[in-house]
Number of protein chains: 2
Amino acid sequence: MKDATGVVPGLAVILVGDRKDSATYVRNKKKACEAVGITSFEICLPEDSTEEDVLKYIADYNENPKVHGILIQLPLPRHMNEAKILDAVSIDKDVDGFHPLNTGLLAKRDREPFFVPCTPKGCIELLHRYGISIKGKRAVVIGRSDIVGSPVSQLLQKEDATVTIVHSRTENPEEIVRQADIIVSATGRANMVRGSWIKPGAVIIDVGINPIDVSRICPIFLLFYMDCAAEKDSSNL
Amino acid sequence: MKDATGVVPGLAVILVGDRKDSATYVRNKKKACEAVGITSFEICLPEDSTEEDVLKYIADYNENPKVHGILIQLPLPRHMNEAKILDAVSIDKDVDGFHPLNTGLLAKRDREPFFVPCTPKGCIELLHRYGISIKGKRAVVIGRSDIVGSPVSQLLQKEDATVTIVHSRTENPEEIVRQADIIVSATGRANMVRGSWIKPGAVIIDVGINPIDVSRICPIFLLFYMDCAAEKDSSNL
């Protein structure tokens, strides 16, 4: 990229507090940046920082022409207003795609966000790489979070899947999951989806992550391609 | 409102071109404003106006403290970039709720848009007024437009329904519609949903509108409360 454009991309991370899992994430982001030639900027603030402290650093990074992307490591300490802080990130540096304007552009037909949230984008990439047909398929997303469930359902719909979002208030989720050709499980509740819930031939992506297990440094994608009906053409999935 | 706050609310409408249905809409909005004491502002531009003409009027209304809401009558002439024009409306005057920032705030959990699109809001209001339970119910929205299908599905989900969006690429829509406790049909295709698609006891809201019939001045809501099983408690719907 530097050779092609003369610009070295810069990614800034703001970490507040001393959660070990967050520190691991940030460390690994930094390593990944080094591996691909992105300049890392990093601010680690103490747990008892004020919202104003964080907003000040965001404003600095918004102005800094060497910074092209800003990540606010979540979760923030409880005394901070997450919405206010995420909204302060400049829309064209919102590489997590969590700013409501990016969310709105993703939700609208015929519009494109500046950035798509990475985990949902990864789910679609997995389906594409494995040659899984999405158009017209029944997709069930389990979980309705802003970070995974909601944006992945929008991406699946943009690919012409017929999408149902199952959540904590859904009655008989197993009945709905059983109809799915594609299942994206993004609940954080381990072992929620049972084998008996899954239609033979269905494709499952498990975005579940256990925040206690710090050895897991990024969302774990598991792609089961349950080809129980081996003679079935994959285009019929 | 004037007595309570000393402020007379003002609503501006920008109409481009001479579509009869649009003119009827605008005329009726004006009448409705008069009836409730809202000051109407109205600009009717010729079909061959430029984007810049429209953007100029939007900028004026954005600045005008007597104007509290701005409606851009859709559809705009084909030579105009609808997204660019809708995006120019100040977020706090976007009474249609079509600005992508309002769309994003609606799509996010625990956030609230400045304005909710009126037809989807009307659907939820209908359900509430008729005492229809939404939480945990299976809802099927037919149509995925930015104006009705998509926002109504988000509103239903905010009320804890389990929502599926059926659209033109959905295979066997009748199978999905048959599972619904609540159906919102927002397709514009007359007679698409057949009686045989509907589960006894399901609630249907038809937001269908036929743009040829100019006597229909606003989306027609039809609420069938198909109480085929008369002994069934409505809470079981």
Side-chain angles (χ1 to χ4, degrees), chain A residues 81-84 86-87 91 94 97-114 134-147 149-151 153-154 156-173 175-177 179-181 236, chain B residues 81-84 86-87 91 94 97-114 134-147 149-151 153-154 156-173 175-177 179-181 236:
Chain A
N81 181 337
E82 184 180 298
K84 189 174 170 187
L86 293 180
D87 287 6
I91 181 76
D94 173 40
F98 293 159
H99 190 290
L101 184 54
N102 272 324
T103 304
L105 290 168
L106 180 66
K108 280 187 177 284
R109 297 190 75 181
D110 307 323
R111 300 295 295 268
E112 290 298 331
F114 289 84
I134 304 176
K135 190 172 181 170
K137 296 295 173 256
R138 292 287 301 276
V140 171
V141 174
I142 307 172
R144 51 178 164 172
S145 72
D146 290 342
I147 295 174
S150 183
S153 71
Q154 282 150 2
L156 285 163
Q157 191 173 278
K158 277 184 190 253
E159 301 255 346
D160 287 333
T162 300
V163 184
T164 305
I165 300 186
V166 161
H167 50 74
S168 57
R169 304 296 177 193
T170 298
E171 292 168 8
N172 304 317
E175 277 179 28
I176 301 169
V177 173
Q179 297 172 20
D181 304 302
N236 282 332
Chain B
N81 181 338
E82 184 180 298
K84 191 174 169 189
L86 293 181
D87 288 5
I91 180 77
D94 174 39
F98 293 158
H99 190 289
L101 185 54
N102 271 324
T103 305
L105 290 168
L106 180 66
K108 280 189 177 282
R109 295 191 76 180
D110 306 323
R111 300 293 297 267
E112 291 298 332
F114 290 84
I134 304 175
K135 190 171 181 170
K137 297 294 174 256
R138 293 286 301 277
V140 171
V141 174
I142 308 172
R144 51 177 164 172
S145 72
D146 291 341
I147 294 174
S150 183
S153 71
Q154 282 150 1
L156 286 164
Q157 191 173 276
K158 277 185 190 251
E159 300 254 347
D160 288 332
T162 300
V163 185
T164 305
I165 301 186
V166 161
H167 50 75
S168 58
R169 304 295 177 193
T170 298
E171 292 169 7
N172 304 317
E175 276 179 27
I176 300 169
V177 173
Q179 296 171 20
D181 304 302
N236 281 333

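Residue numbering restarts at 1 for every chain, and letters A, B, ... go by the order of the sequence lines.
- Within the model, atoms CZ of R169(B) and CD1 of I134(A) stand 14.5 Å from one another, a figure rounded to the nearest 0.5 Å.
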Pair H167(A)-T162(B), side-chain contact (heavy atoms from CB on, under 4.5 Å): steps then yes or no = CA-CA 7 Å; H167(A) 50 74; T162(B) 300; 4.0 Å; yes

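- By the salt bridge (Lys or Arg N to Asp or Glu O under 4.0 Å) test, R144(A) is found to be paired with D160(B), residues two or more places apart in sequence or in another chain being considered.
- Applying the salt bridge (Lys or Arg N to Asp or Glu O under 4.0 Å) test to R111(A) and every residue at least two apart in sequence or in another chain returns D87(B).
- Distance check, rounded to the nearest 0.5 Å: CD1 of I165(A) to CD1 of I165(B) gives 8.0 Å.
- By number of non-hydrogen pairs under 4.5 angstrom with chain A, the leading residue of A83(B), A107(B), S150(B) is A83(B).
- Contact annotation for A139(B): neither backbone nor side-chain heavy atoms come within less than 4.5 Å of a heavy atom of chain A.
- Between the side chains of Q179(A) and E175(B), no donor-acceptor pair of N or O atoms lies under 3.5 Å.
- Both the backbone and the side chain of T170(A) come within contact range of chain B, judged by heavy atoms closer than 4.5 Å.
- Minimum interatomic distance between P100(B) and L105(A) (heavy atoms only, all atoms of both residues): CB-CD2, 3.7 Å.
- In terms of heavy atoms, E171(A) sits closest to K135(B) at OE2-O, 4.3 Å.
- Shown here for D146(A) and K108(B), the closest heavy-atom pair between the two residues is OD1-CA, 3.4 Å.
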For D110(A) and E82(B), run side-chain contact (heavy atoms from CB on, under 4.5 Å): C-alpha distance rounded to whole Å, both residues' side-chain angles, the deciding distance at 0.1 Å, then the answer.
-> CA-CA 11 Å; D110(A) 307 323; E82(B) 184 180 298; over 6 Å; no

